[in-house]
Structures are given as C-alpha cells and as structure tokens.
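Structure first, then comments.
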There are 2 protein chains.
Amino acid sequence: MSVTLADVAARAGVSAATVSRVLNGNYPVAGATRTRVLRAVEELEYVVNGPASALAAATSDLVGVLVNDVADPFFGIMASAVQSEMSPVPGGGGGAGRADGPGKLAVVCNTGGSPERELTYLTLLQRQRAAAVVLTGGTVEDAAHTGALAARLRRLEAAGTRVVLCGRPPMDAGDAGPHPLTVAFDNRGGARRLTDHLLSLGHRSLGYLAGPAARTTTRHRLEGHRAALSAAGLGGDAERLTVHGAYDRASGYDGARELLWREPSLTAILAANDTVALGVCAALRERGLRIPEDISVTGFDDLPFAVDAMPALTTVRLPLHDAGAKAGRLALGREEGPPGGVTTFRGDLMVRDSTGAPR
Amino acid sequence: MSVTLADVAARAGVSAATVSRVLNGNYPVAGATRTRVLRAVEELEYVVNGPASALAAATSDLVGVLVNDVADPFFGIMASAVQSEMSPVPGGGGGAGRADGPGKLAVVCNTGGSPERELTYLTLLQRQRAAAVVLTGGTVEDAAHTGALAARLRRLEAAGTRVVLCGRPPMDAGDAGPHPLTVAFDNRGGARRLTDHLLSLGHRSLGYLAGPAARTTTRHRLEGHRAALSAAGLGGDAERLTVHGAYDRASGYDGARELLWREPSLTAILAANDTVALGVCAALRERGLRIPEDISVTGFDDLPFAVDAMPALTTVRLPLHDAGAKAGRLALGREEGPPGGVTTFRGDLMVRDSTGAPR
DNA sequence: CTGTTAGCGCATTCAG
DNA sequence: CTGAATGCGCTAACAG
C-alpha cells in the first residue's frame, strides 16, 4: 500500500539497513551511497513509518503538553513556548543536516481542568511511549487524585518518559513518589505584593475573588493575599470578603455583585486572574461605579489584553513564555534542572490605571 | 522492560489474542475470561503499546490540529472545539463500556503561520499515520506553497488520513488535486456588512488595516470591504487608505498611526481583527482621540475580550466553536459533509460602542 | 468463543 | 563501510 524502507532500498540498490542508517544519520555511510539513497527517498516520496520506527527503537518523538484550557491565552502562551523549543536545532547553527532528528512533535492536550481527563491523557501518552510530558497550570488538591496522578507519573518515568511540571507547584509525593523537574510561579509572593500595593494606597476594605476551591493556584494566591492582610492587622474579615468561582469572566461578573452585596463599602476587589477581573469591571461599570475612583480592581497573570482593558489593569506579570520555554528545554533534556529540581519564577507587580487611592 | 500483552496473557491464563480482543472490544469474548483478563491488566498496570498496535493495525488514534498560533484565542477556541469532539462517546449514553475505543488523541500543532512548518508538521503527522488532520485558519497564497501543500494533502489522503479544513477557504487544486471537506467562514460577507454599517452611519473616509498580504483571510476581508466601498462610490481612495500588517496588537498600533498620517480626516478605522483593533484603540487614545466621538473603530472575530475592550468593540462574530466542533466531527467521520463538501458559516455583525456617527 | 500462526516496517546486532 | 538476520509488541486471519 504505502512505500516502505524496502522499496527505497531496492530503488537505491542497497539494503534496508543502509537506508535506515542514512535516514537516522547516526552511523557512518559513504557519501555516494548516501546521496543515492536520499534521491530514492525523494523520488518515491518516502515517509518513515513512525509507529514501526517507534516500535523497533522503543522511543517516539512525541512530547505531550497538558493544559487546562487551550482557549485560554494563559495556557496558549505556555504551550506555544514549550513547542517553540521542539524544533530541530533551534540555536545550533553549525554543520550540515539535522543534528537532532526531525524535531519532536509537541502535542497539546486539553484536560479542561478535569482530573479524570488529565489521567486519561497521561495514559494515552504513555501508550504512545511519549518522549516527555509537560503538565502545565495548577492542579486539583485532592488526596485521591494526587495519589493517582503520582502513580501514573511514576509509571511514566519508569517507562523512560521525562516528566516536567510548568506553572504547577512541586509535587511532594512522600518518600518514593516522583519528584519531577518543576518550573513554578511564585503565586504567593505575587499576590502578597498586589495586596500590599493596595494597602499602601490606603485601602482597608478589600474583597477577594478566588478561583475554584481545592486548586493549588487558587490556594497560593489566596494565601499571599491573606498574609498581606494579616500583616496589616486586617485578617479578621478576610473570610467573609472572599468568594470562590471559576477562572472566567462570568465568575468575575457574578462574584463582584456578590461581594458588593456582602459589603457595599468595599474600596477594592482583587480578582483571581485577568479574565475574572474583566468580569468584575463589567459588573462595576454596570452599577455605575468608576474604576479606580470609586473602587480599585486588580487582575493576575498580565495576559496581553490586560493593558487594553477598561481601564488598563493593575496586575502581576507572570513570565509565561520564559517558563514554558524552560519547561520545553527540560523536557528535551537540553538543560539540566537546578539542584533541587525546582525553578521558581517570580511575578512582578504591574501598576496601571485600575488601582488608585480610595476616596 | 515494560509489561507486554504476553505477560497479561500468561497471568490470565489465556492467549495474547484473547487479551487483545478484550482490550479492543471488537470481538466476542466470554464474560468470565473477560473479567479475568481485565483483572490481570489491572494487577500488572498494563498499558497498550501504541506504536506496536498502530503498526499491526495500520492505523493510529492520533488526530492532528494545525493552528497558526496557539497563544491566539482565535485558534485556541477552534482547537478546543475540535478536541471536544474527540472524547469517547460524547453523546452516546447507553450501554456499558466504551463504544469507540479510548477516544482519539487530538494533538495541536503550532505552525506559527509558516508554510514550511505547516508542511513539516504534515510530514510528522503522516509519519505517525494520523487518523485525521484538521488545518485551521487562513493560509498563504503562494503558488509554490499551494502546490506543495496540495501534494502533501493528496498523499495524506492516499495514506488513509482524513483531511479537513476549518476556517480556511476550500482548496481548488485543479482537476486531480484534493478537495478536502471544508468548514469555511464568510469573511467577505462579514467584512462587507461591517463596512456597510459604517457607511450607513454616515462615514465617508474609512481607513483599513489589513492582515499580512498574500493570506486568504486577509484578502477575503479586504475584498468585502472594498466591495462595500465601491457600491457606495467610494472605491477610489481605497488603495491609499489600506495598510497591511500582522494579526497582532503592535500592527494595530503602528497601522493606526500610519493611516492617520496619510489621512488625518479619517472618521473610521477597520481593523483586520479584534486584536489589531485593540492596538488601534491604544494609538488613538494616546493621540487624545475619543472613540467613537472622534473616530469609529471596528474589529473582527468577536473574541471574548472584544466586549471588554475600551470601548466595547463593534465587530463580526465568527462561530469559532461551532466551526471547530463540526470540523472535529467531520474528521472522525461522525458526520457527513454536504454535497459540495463545503460548509460555510456566516459572521454576524455585533454593533457595540466603538462605532457611531461621524462628527 | 479461543488458541495458533504470521507478519506489520523498521533498528539493530553480527558478520563480512 | 555494508548486507543479512532477528525481534520489537501487537493484530488479524485462520483453524479448532
């Protein structure tokens, strides 16, 4: 049906082994036969059979990238960065031909934030004998899932698949669990700086719109916020002024209304991320409140649209691209991890127009 | 090294073939042995070897989704929709067990808009013997690339891979070329309605910020715009009032400045898409121009952030999710294409606050 | 319903 | 430097 190695070999008048060696370039082959083989490949429009090659070599060139939501730029940017490291010899200028084979195929898989789908994809990737897997974004904090995930990752690593966490806190799976290379964000510190900024502006009544409960990212950002509040002696009301919701615009809209209902004298609302902040702004606008004159609003992540929001959002900038790129390099083994295996990127406060002093 | 089918067979006291049949569920197996096999699979933590299975069965469960930019929600939304159709038995409620196997693995590949990378990925996917390939978004209109692409798609189809175009105009590769199933957007019509809207508001001096030249999407939107202009007898100045740029915010910013330089009396600027429109708004704001009092601005696509822009963007809504979902179903053969093979989605005008009558 | 027998297409020993 | 032989792990005919 399809043209195979043997066909190419016949056409070039050599053995299949030689063709294989030419194609993989990991073995000495005479220049003359080499060009002859390459010509045959061209003429026959031969394309390697990946499965067969993976079976024989016991490895594949697939790298899985798991994201909670491809449609969300937060993940899109990281995924894009991971993938940008997969091309053959990105920086390596010298020499002829490919050095690293034809490059890895980075495949992004959408888990929708569901633990089950995350596990399903990991199984699928393990079945494909993926070369590496990058898990991006926070995860659910649930004993059952954490255990299942740790088990699956252990098996993946045992099967030779490199596992890298990106934008997810380090795993602590006890003694024997896996401790994959990790690229983390300092969500706690970023949130703390954000709240401190508001406090220094004079705000004393702050509402917090948290992400879904039981997610690492949610918890860390909330902890940073609460730490700043406690340090300022404002910890008492924190619980009442926190509302949980999804990481989307609608949650911001609904959450702002709920917060204002609970405490009409709020002078600032901190949103779980930029997208949520947009929803907050919409609700506030609808209510006739001016930002930041009547109430300040903050986001988190500094996605590209944050600067174009109305008004431009004060937020915390996460180096999503850098983190993704580093994760990609770690996944390919192109870069060593630090001693502890964990690299942490800090988030910088970006002060813009959505925050100001309270009236 | 790894546990294989044979190991499971031995543990369950059956033959490898039986285990295979149980796992694939496409052949009758006695209930007793079935459970016995399943238990052995559990105990051994067995995971199918994808490459081996793909080699033997001459098919794989990979579906490739090519996008120009994963970090752009335009593509993220379509990719997410395609993938949402891949899960096992999405609607099929009845019965026990999976009906369709463990579901296809949709893999998103980032071409960065580069024709070469597009071809590279198609080769990679062909090598993986992908079950289907979905090409999203517009493409470069260049004889060389079009030819190479048509050739590669023909080979893919010959190799049994289903090819679907999504958000890309139908291919016309002459007689023998491939005519893949297509889900297209009526970019021309949408652009025309947008310009007509502005004209009916009274605008007579309109600037157009086009996307990269030689791209189908760019050309179609521009054609729609020009058609509306010509119908109103305003075609003469069109060339001078058109600036090309990338589909990003920076191009909007630079382009708006260029247009205003060329023609300070402009009362409206149409951007190639929403992201570009954000850049336009930023440039205008910087110049002290009010939107829409001094100048109207429009986007295209109606991405989620369009409604939260400053001011809310008048734009054309493209049913990105629906289109992606349909493409996914076509790719899986779950749905038949229409007679001609081409489904066209129209774009609806969304009038918001960024457009108004000229002074 | 189940076991046996052959390959799928390629990478890799081992000789030459 | 090159060819011949072997097996990767699984599925798909065939028989039973």
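Chain letters run A, B, ... following the sequence lines, proteins first, then strands; residues in each count from 1. Small disclaimer: the values here were computed from a predicted structure and weren't measured.
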Point to revise | Set of residues satisfying side chain to side chain contact (heavy atoms under 4.5 Å, CB included) with respect to Ser80(A), sequence neighbours excluded | key: Val70(B), Ala71(B), Asn110(B)

Point to revise | Nearest-angstrom distance from the residue atom CZ of Arg34(B) to C1' of dT2(C) | key: 15 Å

Revision key, fill the gap. Here the distance between atom C1' of dG9(C) and atom CG of Asp7(A), to the nearest Å, is 11 Å

**Study point:** Between the first and last five pairs of the helix from dC1(C)-dG16(D) to dG16(C)-dC1(D), the angle of the axes, rounded to 10 degrees
**Key:** 30°

Review point. Whole Å only: how far is the CG atom of Leu55(B) from the C1' atom of dA12(D)?
Key: 13 Å

Review point. Among residues 12-21 of chain A, which residues get a heavy atom nearer than 4.0 Å to DNA chain C?
Key: Ala17(A), Ser20(A), Arg21(A)

Review point. Residues in salt bridge (charged side-chain N to carboxylate O under 4.0 Å, His left out) with Glu45(B), at least two apart?
Key: Arg155(A)

Point to revise | Distance test, side-chain N/O of Ser53(B) to OP1/OP2 of dT11(D), below 4.0 Å | key: yes

Practice item. Rounded to the nearest angstrom, tell me the gap between atom CZ in Arg127(A) and atom P in dT11(D). Key: 9 Å

Exercise for review: Using whole Å, report how far CG of Asn24(A) lies from C1' of dA11(C).
Suggested key: 8 Å

Revision key, fill the gap. Those residues at least two apart in sequence (or on a different chain) that pass side-chain hydrogen bond (donor to acceptor under 3.5 Å, both in side chains) with Thr35(A) are none

Check your understanding: In chain order, what residues pass the side chain to side chain contact (heavy atoms under 4.5 Å, CB included) check against Glu116(A), with sequence neighbours excluded?
Key -> Ser114(A)

Review point. Excluding sequence neighbours, so at least two apart, what forms side chain to side chain contact (heavy atoms under 4.5 Å, CB included) with Thr182(A)?
Key: Leu165(A), Pro170(A), Ala184(A), Val342(A)

Exercise for review: Rounded off to whole Å, could you give me the OH-to-P distance for the Tyr46(B) and dG9(D) pair?
Suggested key: 10 Å

Review point. For Arg21(B), what residues pass the salt bridge (charged side-chain N to carboxylate O under 4.0 Å, His left out) criterion, not counting sequence neighbours?
Key: none

Exercise for review: Considering non-hydrogen atoms only, spot the tightest contact between Val19(B) and Ala9(B) and give its length.
Suggested key: CG2-CA, 3.7 Å

Review point. Has Thr33(A) got a side-chain N or O lying under 4.0 Å from the OP1 or OP2 atom of dT2(D)?
Key: yes

Practice item. Round to a whole Å and report the spacing from CD of Gln128(A) to P of dC8(D). Key: 20 Å

Study note, to complete from the structure: Here the distance between atom C1' of dG9(D) and atom CG of Leu44(B), to the nearest Å, is 15 Å

Revision key, fill the gap. Thr33(B) meets the side chain to side chain contact (heavy atoms under 4.5 Å, CB included) criterion, sequence neighbours left out, with Val29(B), Ala30(B), Arg36(B)

Review point. Is there a side-chain contact between Leu122(A) and Leu153(A), using heavy atoms and a 4.5 Å cut-off?
Key: yes

Review point. Which of the following nucleotides, dC1(C), dC10(C), dG9(D), is nearest to the side chain of Ala30(B)?
Key: dC1(C)

**Study point:** Of the listed nucleotides dG9(D), dC10(C), dC1(C), the one nearest the side chain of Ala56(B)
**Key:** dG9(D)

